Each structure stands twice: as C-alpha cells, then as structure tokens.
Amino acid sequence: MPGTVLENLSGRKLSVLVTVLLLSQLACFLVGLISPSPASSQPILATVCVDKNPSADSMDRWFARTCPHRIELSNVAATEQLKSNNLVFAMEMPQHMNDFSRWQQNLAGVLQFDVVYTEGGKLINTMIELTLDARLAYSDKLADGGQTPWTYYKHSKAKRYMDCHFDEHHNMKDKVGYPYSCTMVPLFELGSLYHDYYLLNLRIIYDERLNLNTHLGKVDDIYLHIIHMNGGFTKVWVSMKTVFFPLIIGVMIWFWNRVHLLARTPALLEYMLIYLGSALVFLNFPVEYFTLFFDMPYMLLLTDIRQGVFYAMLLSFWLVFTGEHMLIQESGDRNSLKKYWKHLSSIVIGCVSLLVFDLCERGIHLVNPFHSIWVTPIGTNLALTFVICAGLSVGVYFIFLCYMIWRVFKNISVKKSILPSMTQARRLHYEGIMYRFTFLMAATLVCAGITVVSFIFNQYTQGEHKWDDSMDIEWTSVIHTGVYGMWNVYICALLMLYAPSHKQWPSEPLSEEVEFSRLSSDTTATPNEISSLTSFVAKANIE
Amino acid sequence: MGRHYVGASVWTATVVWMTMWQLTQADWWQLGFPATLSTILNLTPTAHKERCMKMDFFVDKQKELCAKYDKILPIIGNGAKLAIEECQTQFAYTRWNCTTFAEKNNTFGNVATIKSREAAYLNAISAASMAYAVTRACTKGELSEWCSCDNKIRQRKPTKWKWGACSDDIRYGEKFSKEFLDVREDQNTALGLMNLHNNEAGRRAVRSRMQRTCKCHGVSGSCSMQICWRRLPTLRKVAEGLYKRYEGASHVKYVERRRKKLKVISPDFKKPNRTDLVYLEDSPDYCEKNETLNILGTRGRVCNLTSQGIDGCPLLCCGRGYQTRVKDVEEKCQCAFVWCCNVVCNTCRSRKEEHVCN
C-alpha cells in the first residue's frame with residue numbers, strides 16, 4: 001500500500017533533504033544580513049512660506065522650499081503682522097537633492113509639532129483638534145537634471161487630534177518658551193512611489209466661528225517624518241520571491257503528478273496542501289516588478305490581502321492537518337471541508353473583519369491618502385470592533401487547535417502502549433512513522449513559535465523604549481527574510497514529504513498476514529486515507 | 001550729485017571696514033549678535049568664501065570648513081545666537097547672568113577667561129547649540145552637501161540613499177560641532193582638555209534627550225513591521241539639562257603622567273563621567289562690580305523675597321540687603337493665544353512690590 005514520502009524515505013535520504021532545507025533556511029537568514037533595514041525615515045523641517053495673497057488660493061499655486069518670502073516662527077518680530085491663512089508650510093520630499101526611486105515602494109508622512117508655551121497658552125486641556133489643509137504635488141526628474149513643474153496630486157482637509165502636555169519643572173521661573181510634549185500626527189500614506197519628487201503644502205487656518213484650530217498653541221517648528229521602504233530591502237525581498245516563486249510551482253506540479261499517479265481521488269489533506277501551495281505562490285508572485293513601470297497605488301492593499309490569504313490558508317491547513325491525524329476514523333464517509341466548518345468559521349470571521357478594516361483604511365487611501373479611520377469616534381469604534389472581532393476569532397481558533405493537538409498526542413500515547421505487543425519489524429516501522437510525525441509537528445511548532453516571537457519582538461522590544469538602534473538595523477531585516485524564507489521552506493517540505501510515495505512496503509513476515517488483511521480491507525473501505533499512519537491508527541482502533 | 005555718491009560709498013566702505021575690524025578682534029560668539037548676523041545672511045558663494053577667510057578669530061581649520069560649504073556662515077551665526085539666548089535664559093536669575101558685551105573683544109567679557117564653571121557651561125551650550133543648529137539646517141534641507149549620506153559632491157549617483165540604511169539624525173550636527181569647535185582646543189593644555197570635555201558633554205546632552213518614536217507599518221498597519229526614529233529635543237530642554245550639570249559640575253585638576261588628563265581634585269568626590277561638566281578654577285562670587293573681569297555685580301538686580309535659592313534676596317544681594325519699591329504697574333493679563341501669531345491680552349493695573357539689591 002502506498003504511504004507518503006515521509007514514511008518511506010530512508011533515514012539517510014531524509015537527513016539529506018532536511019539538511020538541504022536547513023541550508024536554504026540559513027541562506028534566507030544570511031540574505032537578510034546583506035539587506036538594509038526594511039524601511040527608513042527622514043525628518044523634514046517645514047519651510048514657512050508667507051502667502052501674501054491668500055485669497056488668490058488655487059490648486060496650482062505651490063510653495064516650495066525656495067519660496068520668495070520665508071520666515072521663522074520663533075522670530076516673533078517677523079510674524080507679528082501675519083494671520084494664519086498667510087502661512088504655508090512647505091515640505092519637499094525627499095531631502096538633500098535626492099530623488100525617490102520606485103524601489104522605495106511607498107511613502108507615509110507623520111507630522112510632529114514643536115509647540116511651546118507662550119502667554120495665554122493653556123496648560124491643561126491639551127487635547128488639540130487640528131484641521132489641516134493638506135495638498136500634495138509631484139514632480140519628475142528631467143533628463144538634463146532639472147525637474148518638471150509641480151503638478152497637483154491629492155488634496156484634503158484632514159482632521160487630526162494631538163495630545164500635548166506640559167511638564168512643570170521646579171527650577172523654571174518663566175514658562176514662556178518651554179516646550180510641550182506632543183504626540184505625533186499621522187498625515188498621509190501613499191501606496192505607490194511613482195514620481196521622483198513630492199511636495200506637501202500645509203495650511204492651518206484659524207477660524208473662531210467654525211472652531212477651527214482654536215486650541216493650537218504657539219508652534220515653533222513643524223517636522224514631517226517621511227517613511228519609505230528601503231530600495232535595497234525591496235531588491236532583496238523581490239529576489240527572494242523570484243527564487244521561491246518558480247521553485248514552489250515546480251514542487252506543486254511534482255506533488256500533483258504524484259497524486260494523480262494513484263488510482264484514487266485526492267484526499268482532503270492533499271487538496272489542502274495544494275491550496276496552501278497556491279496561497280504561497282500568490283504571495284510569492286513578484287508583483288513588485290510591475291511597480292517599477294506602472295503607478296499602482298493599490299500595492300499596500302494588495303500586499304495586505306496576499307498576506308491575509310496566506311495566513312488564513314496556513315491556519316486552516318493546521319486545523320485540517322491535526323483533524324486528519326486525530327487517529328479516529330469514521331469508516332466509510334469521505335472527509336471533506338464540511339466536517340471542519342465549525343473550526344474554520346473562526347478563521348473566516350477573523351479574516352473578513354480584518355479585510356473590512358483594511359478596506360476602510362487602505363481602501364479609502366486609494367482615493368484620499370489623508371484619510372484615517374481613527375479620527376472620528378464612530379470610525380474608531382468601528383475599527384476597534386473589527387480588530388477585536390479578528391482578535392477574538394484568532395483566540396477561539398487557537399483554543400480549538402490546541403485542544404485538537406492535545407487529543408492527537410493523547411491518542412498517540414495510548415497507541416504507543418500497545419506497541420510492545422507487536423512483532424519487532426512492525427513496531428520499528430510504526431515507531432519510525434510516529435517519530436517522523438512528531439518531528440514534523442515539532443517543526444510546525446518551531447515555525448509558528450519563531451513567527452510569534454519575532455512578531456512580539458518587533459512590537460515590544462524594538463518599540464519606543466529601546467534606545468540603542470545602531471545594532472538592530474540588520475536584525476529587523478534578518479528576521480523578516482528569515483521568517484519569510486522559513487514559511488517557504490516549511491511548505492516546500494510539507495509538499496515534498498506528504499506527497500504519496502511510489503515505493504511499496506517491503507514484504508512482511510508471514511505471521512503478520514492476518515493483521516494485514518484486516519488493514520488492507522480497511523484501506524480499501526476508506527480510500528481517502530493518505531498515510532499509513534492513519535491506517536495504522538484505524539487498525540489500532542479496531543483492535 | 002557725483003561727489004555725493006562718492007562720499008556715500010566712501011562712508012559705506014568705512015563702515016564695512018570698521019565692522020570687519022571689529023570682527024577680526026572678536027571671538028566667534030560675535031556672529032550671534034543680530035547686527036553681525038544680518039551681515040552674513042544671503043551672501044553669494046564667492047562673498048561667503050571671502051568672508052570665511054577673513055574671519056580672523058577662526059583658526060585655519062575653521063576657515064577651511066567654513067569656506068567649503070557655502071551656506072554655513074549664517075548657520076554658525078545662528079548656533080552662536082542660540083547659545084547666547086539659552087545661556088541668558090538659564091542664568092537669568094543667578095548672580096552671573098550671562099552678560100554679553102557687543103562692543104568688546106570677548107563676547108562674555110574677561111570673566112569667561114577664568115576656567116570656571118561658567119566657562120564650562122558656555123562651552124557646553126555652544127557645542128550643543130552648534131550641533132542643534134546644524135541638525136536643524138540639515139532637516140530643513142539647507143546644507144545638502146554636508147548632511148546627505150552620499151556626501152561626496154562629485155559622486156553623481158546617490159547609491160547609498162537608494163539602497164537604504166541612511167539614518168540621518170544628529171550625526172551630521174554632532175560631526176560639525178566636533179570639527180568646528182574642537183579644533184580650537186589644544187589637547188596638551190589643561191584648558192584645552194577642559195574645553196574638549198565640556199564640548200563633548202554639551203553634544204551628549206543633545207543626543208541623550210532625543211526622543212525615540214515609532215510607527216507601525218506592517219500588514220493592515222499592524223506592528224509586524226515598525227520604523228523608529230529619534231526626534232531632536234528643543235534646545236531649551238538641553239540648556240536646562242546642562243544647567244543641572246553646571247550646578248553639579250566637578251572640580252578637576254590637570255595631571256601629567258603618562259597621559260595628560262584631568263582628575264577630580266579630591267578622591268572623595270565622584271569621578272566625572274563624559275556627560276558631566278568639569279572646571280579647573282573656582283568662580284569669583286560675582287557680587288561686586290569688577291571692571292577688569294567685566295563683572296557687573298548684583299547691585300540693582302531684582303530679587304525674589306520668598307525664594308531660598310540663588311534668586312532669593314539674601315543670596316543674590318550677597319548679604320548687602322535690598323530695598324523694596326512699591327510700583328503701580330500695568331500688566332498684560334488674561335491673555336489668549338490666537339494661532340498663528342497673536343497674543344490677545346487685557347491690561348490689568350496692579351500694585352506690585354519689587355525688591356532690588358543694594
């Protein structure tokens with residue numbers, strides 16, 4: 001009877017395969033070492049331009065860094081006669097005579113206001129509502145080194161909240177000029193970095209009647225921190241994808257051929273493996289190459305969806321994998337996904353709520369890059385609902401999964417106690433299968449563990465409280481390429497090891513014949529059994 | 001008509017020459033005075049270069065550095081201006097109030113030649129202000145040749161920027177502060193060592209106050225990917241922190257064994273680390289007027305009756321007592337700030353007591 005490659009592979013071949021897989025895993029980590037950190041940020045201090053004729057406002061009037069009339073806000077004498085609608089904060093991106101490369105993929109902007117205390121400033125009630133008139137323009141590099149005139153790109157009146165507080169010091173005699181500490185204000189997110197230069201013009205209009213910016217204190221400086229992917233990281237990332245993409249397709253074709261060589265319909269687990277492989281191929285497809293030639297503002301959304309599909313598929317696979325090795329076979333009926341609908345619905349609910357959340361945030365970014373769901377109370381509640389919903393379903397999923405794994409291991413330990421009553425050849429064989437099964441189970445746990453740990457590592461230890469960032473630059477990309485490579489290697493291994501083997505079992509001693517006839521009658525009754533492990537367990541059940 | 005014109009130009013030339021002559025006699029802080037600062041704004045590249053070479057109070061290396069980057073002079077001036085302003089804010093209520101003398105060769109008077117705590121603070125705040133001013137100019141995009149991580153001017157392709165890992169925080173500011181200010185000091189003298197130490201302490205005061213901020217940009221905006229950067233602190237915070245270091249500065253002495261270095265004066269005291277300020281000589285008490293040292297004395301200064309600290313009448317007036325004047329004052333009150341640039345206040349009349357040192 002045919003088993004899977006995993007059980008029929010000799011120890012030597014298996015060790016060679018595992019070594020090759022581990023080496024490619026190591027290569028993925030090493031590739032991370034040559035790559036720069038995934039993203040960079042650049043601070044840009046706004047040039048304060050004076051718009052002497054604010055009534056002549058139109059969308060093709062742009063203020064760049066070289067605007068004719070510039071002032072410093074900290075210079076009180078220069079600002080005395082000015083009204084809020086005279087000021088235009090101009091930020092040119094990028095800085096220092098550079099231009100963006102399309103390898104840098106996307107662009108996000110975060111504002112930082114340096115607010116200082118002045119007479120009449122408020123020391124309490126410092127949740128400040130900002131109404132920002134933000135306009136983006138783009139420009140491209142010309143062949144002679146110059147650049148095209150600024151062209152309108154996007155415009156929005158965005159509302160934001162900023163939390164400022166003033167810490168009082170004991171030796172401070174005069175509070176004037178001392179800074180508030182204010183939170184960052186996320187401003188925009190562009191899904192594509194198609195043009196060479198961008199320009200942000202920001203107006204902060206005061207209007208007492210409409211209650212616009214009435215709580216804003218004296219601002220000395222406005223910084224824009226821009227965040228973009230690093231060209232080098234994208235190159236490394238896309239090269240990894242370019243290598244893995246045909247590789248996984250090849251393994252999938254080989255796997256599907258193996259399945260079709262058999263005189264039976266493919267089993268559920270085989271279908272799941274093919275689905276999982278397809279999800280990975282979808283994720284691996286190096287669509288980033290197209291961004292070098294086309295403007296694709298939906299890239300961020302697409303990346304999210306691709307990742308989401310992959311993770312959903314992976315989670316479903318684990319569930320089905322564990323369920324199929326439950327070692328209890330209901331004879332006769334063919335297993336299908338329907339059996340798992342209760343378990344899988346948690347994944348579906350989680351994914352759908354995350355997708356809706358993503359569409360509400362990044363979907364709307366396609367139209368308005370200044371949009372943020374977190375600004376309005378309704379939006380915040382909605383977003384929180386979706387995120388909490390997703391979190392809950394992931395929690396439910398893991399409880400299900402842990403329960404099922406626990407049951408599998410309980411069953412295995414029960415079956416183990418029967419092992420000594422078998423003949424030696426048979427026992428050795430079964431022990432080998434069990435060993436390899438637990439080995440793969442352990443691999444799954446290690447992979448999942450590493451992913452979760454790296455996620456937490458990124459979220460907490462690399463966060464705001466970490467001081468020394470000279471070391472972790474490479475580590476972030478090492479983690480990212482390593483984890484990405486790990487899942488590719490993992491699924492590659494699954495496809496190879498769980499493909500049906502063409503080897504026949506060696507002929508057994510005669511004394512086993514009775515047992516075997518019963519076993520094979522079981523196998524014919526349930527054609528969906530793909531591995532001899534499950535058939536062994538089914539047999540043991542009958543025993 | 002023609003004669004008039006000639007006369008005017010001669011007069012202008014004289015004024016320019018006078019200014020130059022004054023400048024050549026001065027120290028580099030003079031660049032921070034509004035009158036001087038306005039003469040170095042908006043210079044053409046050639047004029048800028050000429051101007052840099054004529055600054056006699058620059059040592060040769062400073063002149064080279066200044067001439068190499070054609071917008072640096074106003075930034076240096078701004079650094080000096082910020083240093084003076086912050087010093088005067090922090091020392092507004094102490095006996096020595098960071099007095100500057102625009103007409104003198106020494107900006108802070110001869111008192112700054114004493115190797116005292118005050119001189120230590122001046123060096124530290126200058127180094128900090130210089131790092132701050134250059135960093136600020138960098139983030140404003142004013143000094144691309146200096147600040148860009150592909151900083152070779154001849155290099156046509158900005159490869160490093162396109163590849164990544166170009167984290168420009170205050171590195172360029174610190175580097176400039178070091179290259180511009182530390183070249184003045186002689187490592188083989190006690191004063192040189194003291195100044196070098198205090199310069200470094202000033203720069204570290206900026207770096208240690210940089211606040212780390214992060215933004216998540218992973219799948220669906222989750223924190224699976226995170227980018228962090230450090231934001232420049234306001235100079236006021238740095239100046240305040242340095243003032244605390246000034247209060248706890250270490251008295252050191254110069255020792256010359258295998259290596260020339262500064263050692264704490266008595267082994268009982270804490271060894272100063274690199275963020276602490278050090279000084280070699282005790283300060284004068286700044287109580288009485290001293291013409292040779294350019295100390296104004298505290299006579300006529302307004303003191304705080306209720307304070308036990310250095311701004312309180314007993315300490316500030318050096319035990320000479322004080323006079324109390326009662327004044328009717330018109331003050332701004334119930335102010336409200338109106339973005340962007342106005343403070344709307346009422347005028348309140350009140351009777352106020354003022355205590356003035358004898």
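Computed from a predicted structure; not experimentally measured.
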Decide side-chain contact (heavy atoms from CB on, under 4.5 Å) for B/Arg136 and A/Asp221; before the verdict, give the C-alpha distance in whole Å, the side-chain angles of both, and the deciding distance to 0.1 Å. CA-CA 10 Å; B/Arg136 199 171 171 283; A/Asp221 282 320; 2.7 Å; yes
Given the rule in the side-chain contact (heavy atoms from CB on, under 4.5 Å) test, do B/Leu232 and A/Tyr223 qualify, once you have shown the distances and angles that lead to the verdict? CA-CA 10 Å; B/Leu232 196 63; A/Tyr223 286 89; 3.9 Å; yes
For the atom pair CZ (B/Arg230) and OG (A/Ser41), what is the distance rounded to the nearest 0.5 Å? 10.5 Å
Using non-hydrogen atoms and a 4.5 Å limit, figure out which bit of A/Asn106 sits close to chain B: side chain, backbone, both or neither. neither
Where does A/Thr303 contact chain B at under 4.5 Å (heavy atoms): side chain, backbone, both or neither? neither
Sub-3.5 Å donor-acceptor pair from the side chain of A/Gln95 to the main-chain atoms of B/Thr139, do we have one? yes
Select one option (side chain, backbone, both, neither) describing which atoms of A/Val110 are under 4.5 Å from chain B's heavy atoms. side chain
Kindly indicate, with the supporting measurements, whether the criterion side-chain contact (heavy atoms from CB on, under 4.5 Å) is fulfilled by A/Asp99 and B/Lys162. CA-CA 9 Å; A/Asp99 56 304; B/Lys162 297 256 154 112; 3.4 Å; yes
Heavy-atom distances under 4.5 Å only: say whether A/Glu361 touches chain B with side chain, backbone, both or neither. neither
Engaged part of A/Ile227 at the chain B interface, taking heavy atoms whose separation is under 4.5 Å: side chain
When rounded to the nearest 0.5 angstrom, what distance separates CH2 in B/Trp229 from CD in A/Gln112? 8.5 Å
Is A/Arg65 reaching over with its side chain to a backbone N or O of B/Gly141, donor-acceptor style, under 3.5 angstrom? yes
Heavy-atom proximity to chain B below 4.5 Å, by part of A/Phe100: both
Between SG on residue B/Cys341 and CG on residue A/Leu73, distance to nearest 0.5 Å: 6.0 Å
To the nearest 0.5 Å, atom CD of B/Glu85 lies from atom OG of A/Ser74 at 8.0 Å
From A/Ile44 atom CD1 to B/Cys138 atom SG, the distance as rounded to the nearest 0.5 Å: 13.0 Å
Cut-off 4.5 Å, heavy atoms of chain B, and the answer for A/Glu189 is side chain
Which answer fits A/Met229, side chain, backbone, both or neither, if we ask what part of it has an atom under 4.5 Å from a heavy atom of chain B? side chain
Contact origin within A/Leu301 toward chain B - heavy atom pairs under 4.5 Å: neither
Is there a side-chain contact between B/Trp163 and A/Pro36 (heavy atoms, below 4.5 Å)? yes
Just so I understand: if I count every heavy-atom pair under 4.5 Å between each of A/Leu300, A/Thr47, A/Asp358 and chain B, which residue has the most? A/Asp358
Tell me, side chain or backbone of A/Leu87 under 4.5 Å from chain B's heavy atoms, or both, or neither? side chain
Is B/Trp339 reaching over with its side chain to a backbone N or O of A/Ile204, donor-acceptor style, under 3.5 angstrom? yes
Which answer fits B/Lys215, side chain, backbone, both or neither, if we ask what part of it has an atom under 4.5 Å from a heavy atom of chain A? side chain
Go through the atoms of A/Lys83 and report whether side chain, backbone, both or neither lie under 4.5 Å from a heavy atom of chain B. both
Side-chain heavy-atom pair B/Lys237, A/Pro179 within 4.5 angstrom cut-off: yes
Under 4.5 Å to a heavy atom of chain B? For A/Val176 that would be backbone
So, taking the atom named OH in A/Tyr206 and the one named CG in B/Asn342, what distance separates them when rounded to the nearest 0.5 Å? 9.5 Å
Tell me which of these, A/Asn213, A/Asn86, A/Val219, has more heavy-atom pairs under 4.5 Å with chain B than the rest. A/Val219
